[in-house]
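Input: a single structure, listed below in structure tokens.
Every chain is numbered from 1 and lettered A, B, ... according to where its sequence line falls, protein lines coming before strand lines.
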Amino acid sequence: MAGPYETHEYDVIVIGAGGAGLRAAVEASAQGVKTALICKSLLGKAHTVMAEGGIAAAMGNIYPEDNWKVHFRDTMRGGKLLNNWRMAQIHAQEAPARVLELEEWGALFDRTPDGRILQRDFGGHRYARLAHVGDRTGLEMIRTLQQHAVHKGIDVYMECTIARLLKDGDRVAGAFGYWRESGRFVAFTAKAVVLATGGIGKAWKITSNSWEYTGDGIAMALDAGADLIDMEMVQFHPTGMVWPPSVRGILVTEGVRGDGGTLKNSEGKRFMFNYIPEFFKAETAETEKEADAWYEDKKNRRTPDLLPRDEVARAINAEVKAGRGTPHGGVFLDIASRRSADYIQKRLPSMYHQFKELAGVDITKEPMEVGPTCHYVMGGVRVDADTTATTVPGLFAAGEVAAGLHGANRLGGNSLSDLLVFGRRAGLYAAEYAKKFTGAVKAGVDQLASVEHELLTPFNHHGGENPYSIHMDLQECMQNLVGIIRTESDLKKALGEIARLKQRLTRASVEGHRQYNPGWHLAMDLHALLEVAETCTLSAIERKESRGGHTRDDYPKADPSFGKINLVTRKKNGALSITPEPLPEMPGELKQLIEEQK
Amino acid sequence: MAGRQFIMQVWRGDAAKGSFQEYRVPAAEGMVLLDVIHAIQATQAGDLAVRWNCKAGKCGSCSAEINGKPRLMCMTRMNSLNTDEPITVAPMKSFPLIRDLVTDVSFNFEMAKRVPAFKPRPKGPDGTHRMQQEDIDRVQEFHKCIECFLCQNVCHVIRDHEDNKKHFAGPRLFVRYAALEMHPLDTNDRRELLKDKMGLGYCNITKCCSEVCPEHIKITDNAIIPLKERVVDEFYDPLARWLRKLTAKGS
């Protein structure tokens with residue numbers, strides 16, 4: 001029997017309480033609408049807390065030459081021009097104000113000698129641009145937003161997992177989920193819903209992502225009829241830990257390279273000089289001597305160690321394949337030979353701690369072993385650049401769940417700024433939408449019997465498939481077949497495997513009862529994980545070129561005709577389709593900014 | 001190493017009843033305790049409840065009592081424990097149990113709601129806030145807190161006296177108060193609240209909280225004692241009080 005369920009009514013609900021969700025909730029609430037924030041974990045534990053390096057914002061505190069135009073250009077070039085130009089423009093223009101606002105709410109960024117916010121060098125950014133707090137910027141950001149939201153009295157539903165979006169005809173009308181603590185279902189009705197659910201990295205085996213990153217927001221949006229774009233674009237961060245096996249994939253911040261660390265192969269060579277693509281030749285140092293000069297004076301051309309992440313990840317992959325890797329299948333990242341122990345401990349305290357505790361390596365004395373790790377999905381829910389509205393009325397999306405800003409590859413530091421800029425816009429426009437909405441909200445809470453039945457099915461099977469085994473097999477499949485380097489035959493093999501895993505999921509069984517049951521939770525997550533894995537693979541088959549986070553061994557070059565299109569994923573009557581659609585046309589004056597090779 | 005097993009005694013149960021249950025898990029190189037718990041979940045007890053997020057010591061979700069010692073499971077390497085003996089894993093004791101290793105930590109979130117908000121002074125003439133690094137080093141230390149609540153868990157004031165939770169904020173919250181009180185831009189004054197409602201005086205500086213902090217924040221020395229001094233200066237030292245009245249907010 002379905003329901004009646006505990007039901008809450010709001011103007012705006014925000015699903016997800018990382019940087020984007022918190023910022024959206026703060027904004028919606030400030031607009032005077034009744035707002036709720038719903039999150040899978042406890043407040044303050046979302047994936048944003050793991051962000052290390054900083055928030056990219058052209059404040060010009062270190063280099064007065066920096067401004068939004070340069071940031072816009074860097075973002076577009078880093079994204080191999082697949083970005084939504086308008087999002088990149090808004091992002092670059094608004095990021096500085098969003099950083100200063102955090103300071104107004106209590107955040108304490110590292111300072112310059114004259115007392116302003118210090119900015120750090122990062123890959124693909126022409127100028128030192130990342131506002132940061134050592135290597136724990138995400139923690140500072142999430143705590144500041146969390147405390148601000150709490151003081152504003154926003155209702156927070158913690159450890160409450162949303163499983164489905166509710167609709168009234170074409171428009172979104174709420175959400176349905178369950179309390180982890182009791183296992184009981186709960187419904188929310190809302191005039192507008194903001195998705196801020198993050199990414200999909202838990203579909204891969206070697207990943208920097210936390211357990212929450214199961215693609216549930218993307219899958220719920222797709223199921224609700226929203227368009228997705230660029231689902232093939234997955235970022236493998238070049239530097240994750242590789243040893244010991246239990247910590248493989250844990251992130252090593254790009255800040256290590258920004259602050260002086262260099263990549264070396266087993267022969268001790270700085271191999272990145274062999275991997276400078278034509279696209280970045282003009283701005284990249286060609287010799288070690290020239291690169292070393294950049295550390296002293298940033299007016300020099302920058303070291304190739306700080307090329308955009310896709311370039312560095314592929315280079316590391318190639319070095320290891322060529323037999324020049326470390327004993328544990330990575331490469332060396334060395335900061336000890338350039339910087340003092342004091343400097344390293346002050347600038348990179350959590351990296352120091354992480355290697356010391358987990359690997360027994362003292363990074364002030366020895367090099368780290370690093371290799372690529374699945375980190376971020378550039379693709380996701382298609383949104384309107386200005387309002388973050390998805391193609392489903394009443395549904396908005398911001399942060400990693402949304403797509404467009406980063407194109408084919410995200411620059412480091414552009415994620416935290418994305419969360420702030422578009423989180424605020426999502427809250428603002430969701431509130432505006434809710435205010436204008438005058439009809440009754442009909443979420444059909446009394447018609448959820450089939451959803452309830454579906455969610456509880458794993459309890460009715462006995463001795464069926466173990467959800468943990470299905471998850472591990474999916475991770476193995478995506479790692480081996482839909483990884484950094486892809487081919488059509490591998491991708492097709494992956495599709496077959498995903499279809500088999502979907503079959504297995506129908507037979508999944510969980511033990512125990514509904515109260516705080518991680519096996520049950522995983523069985524529900526797997527629905528989303530398999531769906532995003534499938535969309536990623538389908539999209540990857542269609543993009544017959546190499547660009548950014550998508551590298552095809554069988555189509556190793558970028559193809560200009562693919563540079564003009566997004567691949568759009570839609571779901572109709574249970575069937576997925578992939579359609580190429582032209583990118584929005586960029587105004588001439590912005591095109592010029594990108595072509596300038598200063 | 002081949003064929004070696006960890007013998008684990010993991011607490012299973014809910015608020016009504018429960019007991020330690022034994023699991024054996026094959027040892028692999030570099031494992032942390034959370035890996036072992038995950039291995040149990042994946043192969044032997046799919047419903048074993050445990051909170052975790054980042055598995056990198058950054059989110060503070062996986063607090064537990066390991067061989068009786070409060071720690072993060074993700075930062076406890078198995079080779080740091082005596083694995084010849086069974087290893088016990090129990091939930092934090094000071095919070096009501098939900099299930100297995102998961103406790104109800106809502107006390108901390110309720111206390112956080114009662115903290116008077118950050119209230120910055122106006123911006124400088126150039127429209128920004130200028131601050132020197134040395135003036136924020138201390139507060140940045142407090143901002144390192146990952147809210148694992150291990151300090152709350154070990155604090156005798158609440159661990160041994162449940163009733164005290166009504167009028168005692170606990171070490172985590174004192175760190176939060178200290179961060180606000182010492183913030184160069186903040187203009188709020190929380191000293192009276194600390195003295196009258198948050199039970200700052202209950203702390204008898206045994207430093208148990210500092211010992212368990214995975215971020216190595218010197219909770220007692222750098223947060224609690226200076227807060228106590230500020231309260232003393234404000235309410236028990238007439239000269240200092242008079243001097244302070246002459247300045248805006250005091251040190």
Side-chain angles (χ1 to χ4, degrees), chain A residues 41-47 49-50 100 103-106 108 110-111 113-118 133-134 136 138-140 143 147-148 150-151 156 158 181 210-212 243-247 250-251 349-350 353-354 357-359 466-469 472 510-513 515-520 522, chain B residues 14 28-32 35 38 41-43 45-61 75 77 98-100 102 104-106 109 112-113 115-118 120 123 127-133 135-136 139-140 143-147 176 179-180 183-186 216:
Chain A
S41 293
L42 296 175
L43 190 61
K45 308 298 184 192
H47 202 263
V49 83
M50 296 171 74
L100 293 173
E103 190 167 75
E104 200 62 17
W105 296 344
L108 280 173
D110 288 352
R111 314 309 291 185
D114 65 348
R116 296 189 294 172
I117 294 174
L118 181 61
V133 187
R136 53 161 196 84
L139 173 65
E140 186 76 8
R143 204 65 85 228
Q147 290 164 353
H148 193 69
V150 166
H151 290 310
V156 183
M158 293 190 226
E181 176 169 346
S210 80
W211 77 273
E212 296 194 305
W243 190 259
S246 67
V247 302
I250 294 182
L251 190 66
S350 91
H353 190 63
Q354 181 175 308
E357 304 267 327
L358 296 175
N466 178 349
Y468 294 93
S469 308
M472 274 186 261
V510 296
E511 54 193 297
H513 52 74
Q515 194 192 15
Y516 218 109
N517 188 329
W520 181 36
L522 179 57
Chain B
D14 55 28
E29 182 150 3
M31 270 180 143
V32 294
D35 291 317
H38 284 164
Q41 275 185 330
T43 57
D47 62 340
L48 168 58
V50 59
R51 230 183 230 127
W52 72 284
N53 278 58
C54 76
K55 200 175 169 285
K58 294 186 169 71
C59 75
S61 299
M75 296 304 280
R77 287 187 77 175
I98 293 175
R99 189 181 174 193
D100 301 341
V102 177
D104 175 0
V105 292
S106 55
F109 291 94
K113 287 183 191 166
V115 179
F118 174 71
K123 285 179 182 167
T128 70
H129 291 296
R130 298 281 178 134
M131 286 178 272
Q132 291 305 308
Q133 183 64 43
D135 294 332
I136 64 168
V139 183
Q140 285 189 329
H143 283 200
K144 277 162 51 185
C145 171
I146 57 174
E147 300 203 320
R176 174 85 195 286
L180 287 162
H183 196 300
L185 303 182
D186 182 64
H216 308 293

Using heavy-atom distances under 4.5 Å, tell me whether A:Leu358 contacts chain B through its side chain, its backbone, both, or neither. both

Residue from B:His38, B:Gln132, B:Gln41 scoring the most non-hydrogen pairs under 4.5 Å with chain A is B:Gln41

Closest heavy-atom contact between B:Cys59 and A:Lys45? O-NZ, 2.7 Å

With respect to chain A, which residue among B:Ser106, B:Cys145, B:Gly57, B:Pro116 yields the maximal number of heavy-atom pairs within a distance under 4.5 Å? B:Cys145

Best-contacting candidate, B:Thr43, B:Thr128, B:Ile146, against chain A by heavy atom pairs under 4.5 angstrom: B:Ile146

From CD (A:Gln147) to CH2 (A:Trp105), nearest 0.5 Å: 12.5 Å

For B:Trp52, is there any backbone N or O sitting under 3.5 Å from a side-chain donor or acceptor partner on A:Trp211? yes

Check whether A:Tyr516 reaches the backbone of B:Ile98 with its side chain - one donor and one acceptor, N or O, closer than 3.5 Å. no

Which of A:Met158, A:His148, A:Glu212 touches chain B most, by non-hydrogen pairs under 4.5 Å: A:Met158

Given heavy-atom pairs under 4.5 angstrom as the criterion, report whether the side chain, backbone, both or neither of B:Val102 touches chain A. side chain

Identify which part of A:Leu139 has an atom lying under 4.5 Å from any heavy atom of chain B, answering side chain, backbone, both or neither. side chain

Option that, when pairs with chain B are counted at under 4.5 Å, heavy atom only, ranks first among A:Gly512, A:Gly519, A:Pro518: A:Pro518

For chain A, find which of B:His216, B:Glu147, B:Lys123, B:Met75 contributes the most heavy-atom pairs closer than 4.5 angstrom. B:Glu147

Counting heavy-atom pairs under 4.5 angstrom with chain B, the leader among A:Gly134, A:Pro245, A:Ser210, A:Ala359 is A:Ser210

A:Leu43 portion near chain B, given a 4.5 angstrom heavy-atom threshold: both

Atom pair CD/CG of A:Glu511 and A:Asn517 - distance to nearest 0.5 Å: 7.5 Å

Specify which of A:Glu181, A:Arg143, A:Glu357, A:His353 makes the most heavy-atom pairs with chain B at under 4.5 Å. A:Arg143

Could you go step by step and tell me if B:Gln140 and A:Asp110 meet the side chain to side chain donor-acceptor pair (under 3.5 Å) rule? CA-CA 9 Å; B:Gln140 285 189 329; A:Asp110 288 352; 2.9 Å; yes

Please give me the minimum heavy-atom distance between B:Ala112 and A:His151, naming the atom from each residue. O-CE1, 4.3 Å

Point-to-point distance, once rounded to the nearest 0.5 Å, from CE of A:Met50 to SG of B:Cys54: 5.0 Å

Ranked by heavy-atom pairs below 4.5 Å to chain B, first place among A:Asp114, A:Val247, A:Leu118, A:Val133 goes to A:Asp114

Name the region of A:Val510, side chain, backbone, both or neither, that has any atom closer than 4.5 Å to a heavy atom of chain B. neither

What residue, out of B:Met31, B:Lys144, B:Lys113, B:Lys55, has the most heavy-atom pairs lying under 4.5 Å from chain A? B:Lys144

Contact class of A:Pro467 relative to chain B, heavy atoms under 4.5 angstrom: neither

Among the options A:Arg136, A:Gln354, A:Gln515, pick out the one with the most heavy-atom pairs lying under 4.5 Å from chain B. A:Arg136

Do the side chains of B:Lys58 and A:Glu140 get close enough for a salt bridge, i.e. N-O under 4.0 angstrom? no

With respect to A:Arg116, which candidate in B:Met131, B:Arg130, B:His129 satisfies the side chain to side chain contact (heavy atoms under 4.5 Å, CB included) definition? B:Arg130

Which region of B:Asp35, side chain (C-beta onward) or backbone (N, CA, C, O), has a non-hydrogen atom less than 4.5 Å from a non-hydrogen atom of chain A, or is it both or neither? side chain

Is the A:Trp520-A:His513 ring centre distance short of 6.0 angstrom? no

Interchain contact, B:Val50 with chain A, by part (heavy-atom threshold 4.5 Å): backbone

Give a yes or no answer on whether the side chain of A:Ser246 reaches the backbone of B:Gly30 with a donor-acceptor pair at less than 3.5 Å. yes

